[in-house]
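Below: one structure, written as structure tokens.
Letters A, B, ... are given to chains in the order of the sequence lines, protein chains preceding strands, and every chain is numbered from 1.
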There are 2 protein chains.
Amino acid sequence: MDNKLLKQKLAEKGMKITPQRMAILEAVYELNNHPTAENIIEFIRKTHPNVAIGTVYKVLETLVENGLIKKVTTDRNFMRYDGILESHHHLYCSNCDLIEDYHDAELDELLKKYFESKNISGFKIEEFVLQIKGTFNKC
Amino acid sequence: MDNKLLKQKLAEKGMKITPQRMAILEAVYELNNHPTAENIIEFIRKTHPNVAIGTVYKVLETLVENGLIKKVTTDRNFMRYDGILESHHHLYCSNCDLIEDYHDAELDELLKKYFESKNISGFKIEEFVLQIKGTFNKC
DNA sequence: TACTTAAATAAGAATTATTCTCCGTTAAGA
DNA sequence: TCTTAACGGAGAATAATTCTTATTTAAGTA
Ligand SMILES: [Mn+2]
Ligand SMILES: [Mn+2]
Ligand SMILES: [Zn+2]
Ligand SMILES: [Zn+2]
């Protein structure tokens with residue numbers, strides 16, 4: 001992804017544009033399989049050897065708050081991040097740490113319809129994420 | 001839950017029966033809103049003041065491995081646990097740390113049917129967990 | 001019931017991921 | 001160019017979890 005676009009994404013959210021933010025946002029996009037902070041640090045070190053670890057965590061938090069990336073939960077004790085904002089679900093591998101995207105507009109529609117009819121009392125739904133747990137044949 | 005039943009559950013899995021394991025398993029059942037290790041430690045301290053923290057983590061891991069409890073993922077940096085084994089989904093509150101169970105056999109059936117028709121190539125599904133994010137009116 | 005032993009626990013150190021603090025630097029508007 | 005609030009670097013601090021080692025115990029066996 002080119003710098004123009006990265007700058008634009010930050011600017012759209014009214015965020016100050018800094019090299020660190022651009023590098024970290026780009027890393028989340030490039031490392032497309034839900035990278036950890038660790039993965040991101042390793043990646044950006046290649047081009048930005050002196051970015052502080054604390055900065056990476058801070059920037060990731062800020063990017064999440066501003067809706068430029070999302071957190072992906074795992075049953076391990078570290079966080080993972082996702083640069084894909086459009087609604088999608090996740091295939092979690094039971095054998096390894098692989099989390100694959102599962103895009104399915106038909107499923108989204110099905111869920112949306114289902115919960116429109118069936119409204120949950122006392123709760124206002126913002127979004128769904130279906131965790132699909134299982135194993136990949138390749139694993 | 002009485003001791004007989006707790007013992008039985010451990011025995012069914014071929015696990016050695018210890019007071020610590022019984023207390024921790026009972027705590028997960030009693031603290032029914034997806035307790036953290038911290039919550040569990042606090043709870044069992046009332047009756048078992050000298051259980052080591054390391055033991056709690058170890059036992060929780062063992063209970064998960066043996067399929068007596070499940071982990072519940074959050075976007076915070078600690079794990080939560082669930083004593084309810086039957087398929088169900090979760091309402092995550094965006095305002096606080098509340099995670100409420102959402103049981104819905106109709107939805108389970110819908111998902112099962114949907115993924116039977118639509119099979120995901122190269123992936124064998126074991127279970128679904130739908131994360132329903134939003135806000136409770138009371139929050 | 002007493003004996004045996006592998007497995008489990010207590011205590012506390014160590015590790016890991018993440019957050020915080022403080023001070024120097026910089027982006028962006030005037 | 002100047003100003004300044006926001007940002008980032010360095011490293012200490014914290015919080016959750018894991019590891020290590022010695023001691024204890026559950027549960028099978030004689
Ligand atoms: Mn994704
Ligand atoms: Mn639950
Ligand atoms: Zn795998
Ligand atoms: Zn709430």
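Applying the side-chain hydrogen bond (donor to acceptor under 3.5 Å, both in side chains) test to Arg45(B) and every residue at least two apart in sequence or in another chain returns nothing.
Of the two residues near DNA chain C, Thr55(B) and Arg80(A), the one whose nearest nucleotide lies more 5' is Thr55(B). The residue among Val56(B) and Asn77(B) whose nearest nucleotide of DNA chain C is located toward the 5' end is Val56(B). The nearest heavy atom of DNA chain D to Met79(B) and to Lys58(A) marks one nucleotide each, and the one closer to the 5' end goes with Lys58(A).
Atom-to-atom, CG of Leu60(A) to P of dT18(C) comes out at 9 Å; the value is rounded to the nearest Å. The CD-P distance, from Glu65(B) to dA8(C), rounds to 11 Å in whole Å. Separating the CD atom of Glu42(B) from the C1' atom of dA16(D) is a distance of 16 Å, rounded to the nearest angstrom. Asp97(A) has its CG atom 12 Å from the P atom of dA17(C), to the nearest Å. Straight-line distance from the CG atom of Leu10(B) to the P atom of dT9(C): 10 Å, rounded to whole Å. When rounded to the nearest whole Å, the span between CD1 of Ile41(A) and C1' of dT18(C) equals 10 Å. The distance from atom CG of Asp75(B) to atom C1' of dA17(C) is 15 Å, rounded to the nearest whole Å. Atom CE of Met15(B) and atom P of dT9(C) are 8 Å apart (whole Å).
Side-chain atoms of Gln20(A) lie closest to dG9(D) of the nucleotides dG9(D), dA27(C), dA26(D). Ranking dA16(D), dA27(D), dA17(C) by closeness to the Ile17(B) side chain, first place goes to dA27(D). Here the side chain of Lys16(B) is nearest to one of dA16(D), dT9(C), dT25(D), namely dT25(D). The side chain of Phe78(B) lies closest to dT17(D) when the candidates are dT17(D), dT18(C), dG8(D). When each of dG8(D), dA26(D), dT18(C) is scored by its nearest atom to the side-chain atoms of Ile53(A), the top-ranked nucleotide is dT18(C).
Checked against the 6.0 Å centroid criterion, the rings of Phe115(B) and Tyr102(A) qualify as a close aromatic pair. Separation of the His103(B) and His89(B) ring centroids does not fall under the 6.0 Å cut-off.
One finds no salt bridge joining Lys46(B) and Glu30(B) here, because no Lys/Arg side-chain nitrogen approaches an Asp/Glu carboxylate oxygen to under 4.0 Å. By the 4.0 Å N-to-carboxylate-O rule, Lys71(A) lies close enough to Glu61(A) to be salt-bridged with it. Between Glu65(B) and Lys70(B) there is no salt bridge, since none of the side-chain N atoms of the basic residue sits less than 4.0 Å from a carboxylate O of the acidic one.
With the end axes of the helix from dT1(C)-dA30(D) to dA30(C)-dT1(D) each set by five pairs, the angle from one to the other reads 40° at 10° resolution.
Neither OP1 nor OP2 of dT18(D) sits under 4.0 Å from any side-chain N or O of Tyr57(B). Neither OP1 nor OP2 of dA16(D) sits under 4.0 Å from any side-chain N or O of Thr36(B).
Summarising the geometry, atom CD1 belonging to Ile44(A) is positioned 8.0 Å from atom CD1 belonging to Ile40(A); distances are rounded to the nearest 0.5 Å.
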Next item on the list: Decide yes or no on side-chain hydrogen bond (donor to acceptor under 3.5 Å, both in side chains) for Asp101(A) and His34(A), but give the supporting numbers first.
Entry: CA-CA 9 Å; Asp101(A) 286 334; His34(A) 311 101; 2.8 Å; yes
